[in-house]
Amino acid sequence: MSESQAALEKLRAELALLGVPDAYEIGDDVTLSVWIGLVVSFREGLYRWREGAVKCRHLGTDPVGCAIRVARRYAELKAHEPPWWEDLAKVLRGEGVKGHP
């Protein structure tokens, strides 16, 4: 397992403990999709994501602290879910997708 894979697994586990169970690795071993518009990557020892126009980063040695920040952003985004999301999710993944980004 690469350093980035291990870092993303740690982050995903911490996010699950904070009530963000739907995060998944997208298949490139460096990117975790958390929610609509919230994607975390790991490179050069840092977790990286965007919050609007702001580029955020957090030390890769602190997945707990990063998870807290990402979970806070997840809650913000989820509270303002785009009105088109529900219809798009049904079309792309079927009715069973309820609640998944």
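Keep in mind the model is a prediction, meaning the values are calculated, not measured. The figures that follow rest on heavy atoms only: side chains count, while hydrogens, waters and symmetry mates do not.
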Tell me, please, which residues at least two apart from E76 pass salt bridge (Lys or Arg N to Asp or Glu O under 4.0 Å). R73

Check: D29 main-chain N/O paired with S4 side-chain donor or acceptor under 3.5 Å: yes

Measuring from atom OG of S41 to atom CZ of R50, what distance do you get when rounded to the nearest 0.5 angstrom? 11.0 Å

Ring-plane angle category for H58 and W49, please: parallel below 30°, perpendicular beyond 60°, tilted otherwise. tilted

Side-chain heavy atoms of W35 within contact of K78, under 4.5 Å: yes

Going by heavy atoms in the side chains, are L32 and L11 under 4.5 Å from each other? yes

So do the side chains of V30 and R43 get within less than 4.5 Å of each other, counting heavy atoms only? no

Taking side chain as C-beta onward, heavy atoms only, is V34 less than 4.5 Å from V40? yes

What's the shortest heavy-atom distance between P63 and G60, and which atoms? CD-O, 4.0 Å

Find the distance between OG1 (T31) and CD1 (I26) and round it off to the nearest 0.5 Å. 4.0 Å

When every non-hydrogen atom of L38 is compared with those of L77, the smallest separation belongs to CB-CD1, 3.6 Å

Just so I know, are the side chains of L17 and E14 near enough to count as touching, which here means a heavy-atom distance under 4.5 Å? yes

Give a yes or no on this: more than 12 heavy atoms of other residues, nucleotides or ligands lie within 6.0 Å of atom CD of E3. no

In terms of heavy-atom contacts, L15 and A71 come closest through CD2-N, 4.0 Å

Note: E51-K55 ion pair, threshold 4.0 Å (strictly below): no

If I compare all heavy atoms of Y47 with all of A7, which pair ends up nearest, and what's the gap? OH-O, 2.7 Å

Does atom CZ (R69) have a neighbourhood of more than 12 heavy atoms from anything else shown, all under 6.0 Å? yes

To the nearest 0.5 Å, what is the distance between CD1 (I36) and OH (Y74)? 10.0 Å

Among residues at least two apart in sequence or on other chains, which ones pass salt bridge (Lys or Arg N to Asp or Glu O under 4.0 Å) with E25? none

